[in-house]
2 protein chains.
Amino acid sequence: MKPTIYDVAKEAQVSIATVSKVINDTGRISEKTRKRVLEAMEKLRYQPSVVASALTGKRTNTLGLLIPDLANPFFAEVARHVEDRGQEKGFNVIMCSTDYNPAKEAKYISLLKQKQVDGIILGSGFYNDQMIAELQQENFPLVMISQEIPALDIDTVSVDDFMGGYQVTQYLLSLGHRRIGVIAESFQDNPANVRWSSKERIRGYREALEAAGIGFDEDLVFISNSTIEAGKRVAGALLDAGPHPTAIFALNDVLAIGTIKAVRERGLKIPEDIAIVGFDDTILATIVDPPLTTVAQPIRDMGYQAMDLLIEKIEGKENTTKRIILSPQLMIRQTTCPLT
Amino acid sequence: MKPTIYDVAKEAQVSIATVSKVINDTGRISEKTRKRVLEAMEKLRYQPSVVASALTGKRTNTLGLLIPDLANPFFAEVARHVEDRGQEKGFNVIMCSTDYNPAKEAKYISLLKQKQVDGIILGSGFYNDQMIAELQQENFPLVMISQEIPALDIDTVSVDDFMGGYQVTQYLLSLGHRRIGVIAESFQDNPANVRWSSKERIRGYREALEAAGIGFDEDLVFISNSTIEAGKRVAGALLDAGPHPTAIFALNDVLAIGTIKAVRERGLKIPEDIAIVGFDDTILATIVDPPLTTVAQPIRDMGYQAMDLLIEKIEGKENTTKRIILSPQLMIRQTTCPLT
DNA sequence: TTGAAAGCGCTAACAG
DNA sequence: CTGTTAGCGCTTTCAA
């Protein structure tokens, strides 16, 4: 059997209270007994049971991370950085892929609460406002990542999507492009479900356009589910819908890749005939040929900040709500060039 | 406060023992009281505490998954499928990226045990045999995925790497190639640490070669860390090392992509001048241009089988050790063509 | 068919 | 400085 605190106490000839104190470094213990206890722990290879200590109201040092899909490179990177920071700070993380499915979200959250995780990071396409509101009023430590819900007063770390959209558009305009198509990201195969981040990016796009005296043309904005195939299909529709734009701004890298395929299929050259810009700067962007001009999200920073914010909440140090907004960075590669 | 079993008992006017019985469906309870208890649970929105029940020796319904790197698309896909199957079966999973670092592996395992996870799936580059042996003699539920340690008698689900190597080579030979280079995968920046799976694939390569009456030439086998940059560098070295081979078999997709870059950089055409084959069939393979001929691992199957095996172990249904070996599948795309 | 009571391993007063 | 003891929320005999 695994040794318990009793075994250690017996071995060190002290009470379990004393052992508990040296484990948690609370109270005052003489150097001598502390040493004796430490030796006993060592000798028995004792490891305190997180389960037992959690039952007395202490932390489990375990967190939940909800994201739409762990197999999506962007979220996988987010998850990795969250995990890394957690590891540094002494937390493990339970990963949950929700597929933008509110039922799954609810189920995961319920399970995580049963398991007494210390907090949850929401990177999901979370639109189940009611559940969030509930968690909040229970004062459950919660942080959103890469996702704004303006209606909710919740801690958030995200990237400035508006600025990203603005920058891309401004850059494309500077290259001489005037007709710029957009492929926005929706979820659950429902074009009505445009992601909030997409909306913001489009807002930036629109503002840049208008700042340049160019009108916003709704017909240039297409909506697609976030898979390569869907992106390809929708980009194809955009291309076939009339005189094609000279540039396409895909609102994430996966869609950009779909777009590249659609463009190629029509015998158009990239970037000469059509410039393409993505968003996220995932590993995919450097792999495609030609390398994709895209907007880098500071994924590592986002993961770290989210974790740090959550830990602050858990430790109760901070109770004002914070919104951390990081700046995106345009990565100019080879899918864009001056319009000739 | 969250309701406890006592609250439910009071509400339903029964003892906590009775409530426990209806929760776990043990013992015999009259329909009438069962209904009353169920209603009370409903009314109070009661959820049993996993922590408390774990303390009495029951399961935590939480598992650990150790992999080298969650941000690597291959492992991210594995993780996703493991998670999915876990979800179906009622388990959550704590993901741990080890970076092939034995110290991290040890630390994660120790933490997972403290948290009383019900079992662990090892997808790591796990070579810390001693730690595994220890877990085994404690009879701790353990399954290896995508990784064989022949010396250990442990449950495993993996792909037939030998066959994969053989198939690729045979295919390349059938295309007329005779000089076939190999880029194998090592870890920790140490060429001496060639992954077991690489060794098996090379064994298949060698056997196919010899079956065709062609000698195995050690000078055609190069070792690289598994990153695009390293792959590119090492592939470059291979290409520059003399008359270049007409085909290169990269032992995973990431290395294949590095190889493509190196080949391009030297002005060589793919597949006409040099054919390239990868391994894994990750999302990367369909994204590169041209699409990569590669070997598909049945990732989904692997994840599912590993989870199912682990659950069998946890439930103690099965105590003989099983090795499940799945067949890889050659996906012919456009980085290969007959030698002209 | 139900309930009383003894733990599970640990923490946190409280007393000495 | 150290030990006694009462829980934490749940499971599981064992009686009734």
TODO: Please identify each residue that fulfils side-chain hydrogen bond (donor to acceptor under 3.5 Å, both in side chains) with B:Gln47, with sequence neighbours left out.
DONE: A:Ser110
Open item on the list: Around atom NZ of A:Lys10, are there more than 12 heavy atoms from other residues, nucleotides or ligands closer than 6.0 Å?
Closed with: no
- [ ] Specify the separation, in whole Å, of atom CD1 of B:Ile5 and atom C1' of D:dG7.
- [x] 16 Å
Open item on the list: Applying side-chain hydrogen bond (donor to acceptor under 3.5 Å, both in side chains), can you list everything that pairs with B:Gln137, at least two apart in sequence or on another chain?
Closed with: none
TODO: Hey, could you give me each pair passing salt bridge (Lys or Arg N to Asp or Glu O under 4.0 Å) that has a residue in residues 81-93 of chain B? Not counting sequence neighbours.
DONE: B:Arg80-B:Asp84, B:Arg85-B:Glu88, B:Arg85-B:Asp308
Open item on the list: Quick check on the helix from C:dT1-D:dA16 to C:dG16-D:dC1: what's the angle between its two end axes, five base pairs per end, to the nearest 10°?
Closed with: 40°
Task: Atom pair CG (B:Leu122) and CE (B:Met131), whose distance is rounded to the nearest 0.5 Å - done: 10.0 Å
Open item on the list: Side chains of A:Lys115 and A:Thr60: any donor to acceptor distance under 3.5 Å?
Closed with: no
Open item on the list: I need the CG-C1' distance between B:Leu55 and D:dG7, as an integer number of Å.
Closed with: 12 Å
TODO: Could I get the full list of side-chain hydrogen bond (donor to acceptor under 3.5 Å, both in side chains) partners for B:Glu312, not counting sequence neighbours?
DONE: B:Lys322
TODO: Answer with yes or no whether the side chains of B:Thr56 and B:Ser53 bring together a donor and an acceptor at under 3.5 Å.
DONE: no
Task: First and last nucleotide of DNA chain C, 5' to 3', lying under 4.0 Å from heavy atoms of chain A - done: C:dG9 to C:dA12
Open item on the list: Using 0.5 Å steps for rounding, measure from the CD1 atom of B:Ile5 to the CD1 atom of B:Ile16.
Closed with: 5.5 Å
Task: side-chain contact (heavy atoms from CB on, under 4.5 Å) partners for A:Asp189, two or more places apart - done: A:Asn225
- [ ] For B:Asn72, enumerate each residue passing the side-chain hydrogen bond (donor to acceptor under 3.5 Å, both in side chains) test, keeping only those at least two apart in sequence or located in another chain.
- [x] none
Task: Any pair counted as salt bridge (Lys or Arg N to Asp or Glu O under 4.0 Å), so long as it reaches residues 40-62 of chain A, sequence neighbours left out - done: A:Glu11-A:Lys43, A:Arg45-B:Glu134, A:Arg59-A:Glu315
Task: For B:Ser146, side-chain contact (heavy atoms from CB on, under 4.5 Å) partners two or more places apart - done: B:Phe74, B:Met302
Open item on the list: If you take any heavy atom closer than 4.0 Å to DNA chain C, which residues from residues 46-53 of chain B end up in contact?
Closed with: none
Polar pairs (N or O, both sides) under 3.5 Å between protein and nucleotides 1-3 of chain D?
residue: D:dC1; atom: OP2; partner: A:Arg28; partner atom: NH1; Å: 3.0
residue: D:dT2; atom: OP1; partner: A:Ser30; partner atom: OG; Å: 3.2
residue: D:dT2; atom: OP1; partner: A:Thr33; partner atom: OG1; Å: 3.0
residue: D:dT2; atom: OP2; partner: A:Ser30; partner atom: N; Å: 2.9
residue: D:dT2; atom: OP2; partner: A:Thr33; partner atom: OG1; Å: 2.7
residue: D:dG3; atom: OP2; partner: A:Ser15; partner atom: N; Å: 2.9
residue: D:dG3; atom: OP2; partner: A:Ser15; partner atom: OG; Å: 3.4
residue: D:dG3; atom: OP2; partner: A:Thr18; partner atom: OG1; Å: 2.8
residue: D:dG3; atom: O6; partner: A:Lys21; partner atom: NZ; Å: 2.8

